[in-house]
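Quick note: numbers below take in every heavy atom, side chains included, and nothing from hydrogens, waters or symmetry partners. All values reported here derive from a predicted model rather than from experimental measurement.
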Amino acid sequence: MNKSTIDIQSYLRDREIIHSDPEIMSGVPVFVGTRVPLQTFFDYLEGEAGLSEFLEDFPHLKSQALLTLEVIAKMMLDQERTTRIHSI
């Protein structure tokens, strides 16, 4: 697990999109109110069908999935900006 993944998970926890509980899925980060691991979301995104298939299989997680994508996009943009500033 790299620093970006940890930052994303921390941000998602702070926004109460995901949580970890030793009693639920042995503490694996899951979407709040579910047993769907965050990693499952990333696995779908890496797969052929991507987001559309995830939303089809887990329609109740639409807003959480979109918020997760928003967080990732913002973090990537911030990282790109920081990289650009430091390379000047």
Do D43 and F54 have side chains that approach each other closer than 4.5 Å (heavy atoms only, starting at C-beta)? no
Do L51 and F41 have side chains that approach each other closer than 4.5 Å (heavy atoms only, starting at C-beta)? yes
Test side chain to side chain contact (heavy atoms under 4.5 Å, CB included), reference F31, set T40, L12, L67, T68, output is T68
Measure the CD-CE distance between E80 and M75 for me, rounded to the nearest 0.5 Å. 14.5 Å
How far does OG of S63 sit from CG of L61, to the nearest 0.5 angstrom? 7.5 Å
Pairs touching residues 51-77 that satisfy salt bridge (charged side-chain N to carboxylate O under 4.0 Å, His left out), sequence neighbours left out: E70-K74
T34 and H60: side chain to side chain contact (heavy atoms under 4.5 Å, CB included), yes or no, with the steps? CA-CA 10 Å; T34 76; H60 59 286; 4.2 Å; yes
Considering residues at least two apart in sequence or located in another chain, which fulfil the salt bridge (charged side-chain N to carboxylate O under 4.0 Å, His left out) criterion with R81? D78
Give the other cluster members for V30, using side-chain heavy-atom distances under 4.5 Å between Ile, Leu, Val, Met, Phe, Trp and Tyr residues; answer none if it is isolated. I24, M25, V28
Through direct or indirect side-chain contacts below 4.5 angstrom among Ile, Leu, Val, Met, Phe, Trp and Tyr, which residues connect to V32? none
Could you tabulate the donor-acceptor pairs under 3.5 Å formed by side-chain atoms of residues 14-23, not counting sequence neighbours?
residue: R15; atom: NE; partner: Y11; partner atom: OH; Å: 3.4
residue: R15; atom: NH2; partner: Y11; partner atom: OH; Å: 3.1
residue: S20; atom: OG; partner: R13; partner atom: NH2; Å: 2.9
residue: S20; atom: OG; partner: G27; partner atom: O; Å: 3.4
residue: D21; atom: OD1; partner: E23; partner atom: N; Å: 2.8

